[in-house]
Amino acid sequence: MNYQNELKKLISSLDYKPTLLLHSCCGPCSTQVLSYLAPYFDITVLYYNPNIEPKEEYEKRKSEQIRFIKEFNHNIKFMDCDYDNKTYRCRVKGLEKEREGKARCPVCFMLRMEYTATLAKEKNFEYFGTTLTVSPHKNSKQINILGGVLEKRLGVKYLYSDFKKEDGYKRSIEYSKVYNLYRQDYCGCLFSKENNQK
């Protein structure tokens with residue numbers, strides 16, 4: 001399935017702006033995604049990333065996300081939540097030595113997307129989605145399959161996407177330069193950072 005084409009089909013069928021709870025992993029990844037979606041959806045960005053360590057790094061990335069939303073100025077709302085690193089550590093126990101892109105990553109994706117979908121259901125959002133598919137380091141097929149599973153389980157529509165398509169990732173880098181955003185040099189979890197340095 002071409003997930004970006006699925007998104008285009010949905011957008012072409014819209015005659016109003018549905019509400020979307022969009023999980024964002026960081027400000028830089030959100031740039032192109034928000035630019036693409038803002039004309040078509042009433043967006044609330046959810047910053048739920050318990051995988052990011054240390055806490056100072058988490059706070060730095062969060063502040064950059066908030067700054068971008070304010071400066072971008074497209075009536076996008078922001079939803080914060082508590083730093084929840086213990087839950088992440090519990091969920092990936094036994095997978096600490098996996099390299100980035102292997103067995104630990106889908107567990108991390110599911111944790112963040114499940115939280116987003118559950119909140120979307122509770123708060124009556126019409127859709128939930130994630131910025132994760134803009135990164136060339138993330139498996140878009142895997143992410144979209146997980147989104148589909150959550151859609152069926154929870155009864156809230158998932159926004160299929162592959163935001164890296166059509167130079168999406170390249171545009172996110174360009175936006176980051178324009179807005180002078182901090183671009184981190186690792187995904188967020190210290191396990192990935194440590195294992196990739198070996």
Side-chain angles (χ1 to χ4, degrees), residues 21-34 43-72 76-120 122 128-140 142-143 146-147 150 163-164 168-169 171-198:
L21 186 61
L22 181 69
H23 162 263
S24 178
C25 51
C26 64
C29 283
S30 76
T31 55
Q32 165 61 11
V33 177
L34 291 174
I43 304 170
T44 299
V45 168
L46 173 67
Y47 190 81
Y48 178 69
N49 297 294
N51 57 306
I52 299 173
E53 294 182 77
K55 191 165 191 287
E56 293 76 21
E57 177 74 16
Y58 172 89
E59 293 295 345
K60 185 173 185 177
R61 295 189 196 189
K62 181 170 78 171
S63 68
E64 287 291 89
Q65 176 69 82
I66 293 168
R67 180 171 71 83
F68 173 71
I69 290 170
K70 285 179 180 171
E71 292 180 15
F72 187 57
I76 293 161
K77 296 169 279 297
F78 179 77
M79 188 183 294
D80 199 1
C81 45
D82 293 334
Y83 183 57
D84 191 19
N85 185 245
K86 284 183 183 174
T87 297
Y88 168 74
R89 286 273 181 158
C90 253
R91 206 58 89 85
V92 300
K93 194 168 178 58
L95 300 171
E96 296 89 347
K97 296 194 186 310
E98 292 283 331
R99 292 185 71 79
E100 186 174 358
K102 300 301 182 184
R104 186 179 57 252
C105 291
V107 174
C108 180
F109 300 155
M110 190 61 161
L111 171 63
R112 292 184 280 171
M113 292 171 68
E114 186 174 33
Y115 186 93
T116 307
T118 301
L119 206 53
E122 287 173 5
F128 78 99
T130 181
T131 63
L132 286 165
T133 65
V134 81
S135 170
H137 307 294
K138 304 290 184 284
N139 185 324
S140 295
Q142 197 173 66
I143 291 163
L146 293 174
L150 290 167
F163 291 115
K164 72 175 71 63
Y169 179 67
R171 286 198 185 97
S172 76
I173 293 171
E174 290 165 358
Y175 271 114
S176 296
K177 288 176 183 172
V178 169
Y179 286 88
N180 194 29
L181 291 172
Y182 162 66
R183 287 185 66 83
Q184 59 274 5
D185 61 2
Y186 67 107
C187 80
C189 86
L190 291 180
F191 306 126
S192 174
K193 187 176 185 180
E194 290 162 5
N195 291 337
N196 286 343
Q197 286 173 347
K198 289 176 183 175

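Between the CG atom of Leu22 and the CE atom of Met79 there is a distance of 11.5 Å, given to the nearest 0.5 Å. With values rounded to the nearest 0.5 angstrom, Lys138 atom NZ is found 5.0 Å from Glu100 atom CD. With rounding to the nearest 0.5 Å, the separation of OG in Ser30 from NE2 in His23 is 11.0 Å. A distance of 5.0 Å separates CG in Leu46 from CG in Leu21, rounded to the nearest 0.5 Å. How far CD1 of Ile173 is from CG of Leu181: 12.0 Å, rounded to the nearest 0.5 Å. In this structure, OG1 in Thr44 is found 10.0 Å from CG in Leu119, a value given to the nearest 0.5 Å.
In the displayed structure, Lys77 atom NZ is contacted under 6.0 Å by more than 12 heavy atoms of other residues, nucleotides or ligands.
Closest heavy-atom contact between Asn180 and Arg67: O-NH2, 2.9 Å. Between Cys26 and Gln184, the shortest heavy-atom distance links the atoms SG-NE2, 3.2 Å.
With contacts defined as side-chain heavy-atom distances shorter than 4.5 Å, the pair Thr87/Pro50 does not qualify. Looking at heavy atoms from C-beta onward, Val45 lies in side-chain contact with Leu34 at the 4.5 angstrom threshold. Using a 4.5 Å heavy-atom threshold, the side chains of Tyr186 and Glu53 count as separate. With contacts defined as side-chain heavy-atom distances shorter than 4.5 Å, the pair Tyr47/Ile52 qualifies. Between Ile143 and Met113, the closest side-chain pair of non-hydrogen atoms falls below 4.5 Å.
In this structure Tyr169 satisfies the side-chain hydrogen bond (donor to acceptor under 3.5 Å, both in side chains) test together with Arg183, sequence neighbours excluded. With sequence neighbours left out, Tyr48 forms a ring-ring contact (aromatic ring centres under 6.0 Å, His included) with Tyr115.
Proximity of a side-chain donor or acceptor of Thr133 to a complementary backbone N or O of Phe163 within less than 3.5 Å is detected. No donor-acceptor pair under 3.5 Å is formed between the side chain of Tyr179 and the backbone N or O of Pro28.
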Is there a side-chain contact (heavy atoms from CB on, under 4.5 Å) between Ser192 and Arg104? Walk through the geometry before answering.
CA-CA 9 Å; Ser192 174; Arg104 186 179 57 252; 3.6 Å; yes
Working note: Arg171 + Glu174, criterion side-chain contact (heavy atoms from CB on, under 4.5 Å); need CA distance, chi angles, decisive distance, verdict.
CA-CA 5 Å; Arg171 286 198 185 97; Glu174 290 165 358; 4.1 Å; yes
Quick one, Ser24 with Gln65, criterion side-chain contact (heavy atoms from CB on, under 4.5 Å). Give me CA distance, side-chain angles, the key distance, then yes/no.
CA-CA 8 Å; Ser24 178; Gln65 176 69 82; 2.5 Å; yes
Under the criterion side-chain contact (heavy atoms from CB on, under 4.5 Å), I'd like the reasoning laid out for Phe128 against Leu150: C-alpha separation, chi angles, the key distance, then a yes or no.
CA-CA 10 Å; Phe128 78 99; Leu150 290 167; 3.8 Å; yes
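Between Asn49 and the options Arg112, Lys62, Arg61, a side chain to side chain donor-acceptor pair (under 3.5 Å) holds for only Arg112.
Annotation: cation-pi geometry satisfied between Lys60 and Tyr182 (NZ/CZ under 6.0 angstrom from ring centroid, within 45° of ring axis).
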